[in-house]
Protein chains: 2
Amino acid sequence: MDAFFNRLEHYARLSAPARSRIENAVHQTRHYQPRTALIRQGDRLGRIFVLEQGWAIRKKELEDGRRQILNFLVPGDIFDLQALINSPADHGVETITPCQVRSFETAAFIDAAGTDFTILSSLWWATVQEEAILREQIVRVGRMTAIERIAHLILELQRRTRIAGLGHARGGAALPITRGQIADALGLSPVHVSRTITVMRRMGLIATDHVLEILDPESLVSVAGFDDHYLHLDASPLPADLFSRQKPMTAGL
Amino acid sequence: MDAFFNRLEHYARLSAPARSRIENAVHQTRHYQPRTALIRQGDRLGRIFVLEQGWAIRKKELEDGRRQILNFLVPGDIFDLQALINSPADHGVETITPCQVRSFETAAFIDAAGTDFTILSSLWWATVQEEAILREQIVRVGRMTAIERIAHLILELQRRTRIAGLGHARGGAALPITRGQIADALGLSPVHVSRTITVMRRMGLIATDHVLEILDPESLVSVAGFDDHYLHLDASPLPADLFSRQKPMTAGL
DNA sequence: CGCGTATTTGAATGAGGTCAAACTGAGTGG
DNA sequence: CCACTCAGTTTGACCTCATTCAAATACGCG
């Protein structure tokens, strides 16, 4: 449970009982090869999943094959809390590296969240953060140049892998993503991504010996106009009394 | 409370007590001129707001003035449930027409949601829908041509205004948005939006006598490749027993 | 009327796309 | 160990969709 606990504890310290509640909600753990569909568009989801190891993507595809990567999933990420609504998935999730995925019984998961405030609080933070990432993605794709988009995405992934407990302290995040994936995430062509990355390499911003690495974080931030505020890295626990006046959830039923 | 109730009841029928709980949570109602900032990036939010009348936008701005509209807000939309976390807003909200906005005490609002399952369920649906809209926005901006983006956005707004109880039964949604706003939403220049809309008008898809109106919904859908599934228009209530096994929320504190 | 804002149209420019070919590197099988 | 394959990357040449700049036009509104 390392990645998941690690993630939740980024937002709030979990008590021992809280941890065991979560552990008890686990349904199973599976391994997947790269390029495996974890959720297909149209699926009705009965479970909640957590990515424990590896990288995955959320994606949507158009009729004619055009593909848009909505977001990258890194260890500790949850998909999908919105499984609670019994509605077909409006997008797909697919592994891009070998992955370890844990699944939870929805009801048990909700029990755990509902009975422990720190869990609920952390889950809410995770949701807020994911939405913020989607919004920033819109800005990248809508209003940034190619080099800005790429630099910005690299920095976001570096921050996120740091939270996930991967990646090194400074610069050196190693991102296992291809030019084609970057292109599909940023609304560019693979060819242009390649060209732009070559430029960035020549500028000394990054290195690309097999995986992408950050060499000059400061300059990269400046190229991207990157402000990591939207990631809420300084997440503080919700005020502990936020729900305290609340009656039991079942009161209204 | 028309727009808000109307919206919530799109997802689940509200009981009379549920309605009055919501009504009691209202803090105040205010009117705003167009181009008024409702939330400024960096604000810490103490309230939850509902747009009762008029249109607004969520937006982010880059240092050099480039602007990205993340989403349009129509009557019945909530901003922001994420106010629960006491964190500075990572984006702004601004009126684009005269607006009526209702604000809620966060605690009272949570009380209402926590004590009534239908309210909670509807709020969750609204959150899921908003996230889906953000994802679709990424696809538009990342992978669609100018005419596809515009047609797609028009159709989304038409569907959403229909939920909001505005707009007419078929085609005729009247959208009070300018070329410049469309451009900032879709990552285009106002000039090109103007050109493209001219083309669409000549194709008989839309009319633009002061407000934008849909003339030929079917062709527009085909031009946009529009599949309204992501809007979850067929929202059904959450399974009523979803939370029923749950212990009181305070149990873990 | 006169001012500010939005829209339209034209002409020139440019960022990024497409097509195509060469190159790299990690398997994999002979 | 080498040949072969397959996926990813790089580079060049050309093209196109959308941007920019600029000027003209329309539209409230005081």
Side-chain angles (χ1 to χ4, degrees), chain A residues 33-36 55 57 62 64-69 94-98 140-151 153 174-203 206-213 223, chain B residues 33-36 55 57 62 64-69 94-98 140-151 153 174-203 206-213 223:
Chain A
Q33 292 301 307
R35 298 170 155 285
T36 309
W55 287 60
I57 53 171
L62 304 186
D64 60 3
R66 281 176 286 178
R67 182 171 92 138
Q68 177 66 44
I69 292 178
E94 186 180 305
T95 61
I96 58 174
T97 71
R140 274 198 290 253
V141 174
R143 283 295 181 222
M144 293 189 184
T145 64
I147 193 171
E148 288 170 336
R149 291 184 209 186
I150 295 171
L153 175 64
L175 310 178
I177 57 182
T178 69
R179 311 288 184 268
Q181 287 157 357
I182 296 175
D184 280 337
L186 298 179
L188 299 168
S189 69
V191 173
H192 196 62
V193 169
S194 172
R195 280 190 230 281
T196 308
I197 283 186
T198 300
V199 170
M200 294 172 76
R201 201 189 309 116
R202 294 203 179 117
M203 290 168 75
I206 56 175
T208 58
D209 33 313
H210 281 193
V211 287
L212 204 156
E213 275 195 87
V223 166
Chain B
Q33 292 300 307
R35 299 172 155 285
T36 309
W55 287 60
I57 53 171
L62 304 185
D64 60 3
R66 280 176 286 178
R67 183 171 90 138
Q68 178 66 45
I69 291 178
E94 186 180 305
T95 60
I96 59 175
T97 71
R140 275 197 291 252
V141 175
R143 282 296 180 223
M144 292 189 184
T145 65
I147 194 172
E148 287 170 338
R149 291 183 210 187
I150 295 171
L153 175 64
L175 310 178
I177 56 183
T178 69
R179 311 289 184 266
Q181 287 155 358
I182 295 174
D184 280 337
L186 298 179
L188 299 168
S189 68
V191 172
H192 197 239
V193 170
S194 171
R195 280 190 230 282
T196 308
I197 283 186
T198 300
V199 170
M200 294 172 76
R201 201 189 309 116
R202 293 200 181 122
M203 290 169 75
I206 56 174
T208 57
D209 35 311
H210 278 195
V211 287
L212 204 154
E213 274 194 90
V223 166

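Atom set for the values below is all heavy atoms of this structure, side chains included, hydrogens, waters and symmetry mates excluded. Below, chain A is the first sequence line, B the second, and so on; all start at residue 1.
- Nucleotide D/dA13 holds its P atom 17 Å from the NE2 atom of A/H192, rounded to whole Å.
- Residue B/R179 places none of its side-chain N or O atoms closer than 4.0 Å to OP1 or OP2 of C/dA6.
- The listed nucleotides are D/dT10, C/dG16, C/dT9; the one nearest the side chain of A/T208 is D/dT10.
- Applying the side-chain contact (heavy atoms from CB on, under 4.5 Å) test between B/I182 and each of B/I150, B/L175, B/I69 identifies B/I150 as the sole match.
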Step by step, would you call B/R149 with B/T196 a side chain to side chain contact (heavy atoms under 4.5 Å, CB included)?
CA-CA 10 Å; B/R149 291 183 210 187; B/T196 308; over 6 Å; no

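- Applying the 4.0 Å criterion to OP1 and OP2 of C/dT8, one finds that B/R201 has a side-chain N or O inside that range.
- OP1 or OP2 of C/dA6 has at least one side-chain nitrogen or oxygen of B/R35 nearer than 4.0 Å.
- The CZ-C1' distance, from A/R202 to D/dT9, rounds to 13 Å in whole Å.
- One atom, CD1 of A/I182, and another, C1' of D/dT9, lie 12 Å apart when rounded to the nearest Å.
- Atom pair A/D209:CG and C/dT24:P shows a separation of 16 Å (rounding to whole Å applied).
- Distances shown here put every side-chain N or O of B/S194 at or beyond 4.0 Å from the OP1 or OP2 atom of C/dT7.
- Distance from the side chain of B/A146 is smallest to D/dA18 among D/dA18, C/dT18, C/dT7.
- Each of B/T178 and A/P190 was assigned the nucleotide of DNA chain C with the nearest heavy atom; the assignment lying further toward the 5' end belongs to B/T178.
- Side-chain contact check for B/T145 and B/E148: at least one donor-acceptor pair (N or O, by modelled atom type) lies under 3.5 Å.
- Residues A/D184 and B/R143 form a side-chain contact, since some pair of their non-hydrogen atoms from C-beta on lies under 4.5 Å apart.
- If you take CG of A/L186 and C1' of C/dG17, they are 15 Å apart, rounded to a whole angstrom.
- Residue B/R195 places no side-chain N or O under 4.0 Å from the OP1 or OP2 atom of D/dA18.
- Taking 4.0 angstrom as the limit, B/T198 places a side-chain polar atom (N or O) nearer than this to OP1 or OP2 of C/dT9.
- Protein atom CG of B/L212 is 16 Å distant from nucleotide atom P of C/dA6, rounded to whole Å.
- Looking at heavy atoms from C-beta onward, B/M200 lies in side-chain contact with B/I147 at the 4.5 angstrom threshold.
- Here B/H210 does not reach the OP1 or OP2 of C/dA6: none of its side-chain N or O atoms lies under 4.0 Å away.
- Computed from coordinates, the A/L188 CG to C/dT18 P distance equals 11 Å when rounded to whole Å.
- Note on A/T145: only backbone sugar-phosphate atoms sit closer than 4.0 angstrom, heavy atoms only; bases stay farther off.
- Distance CG (A/D184) to P (D/dA7): 16 Å, rounded to an integer number of Å.
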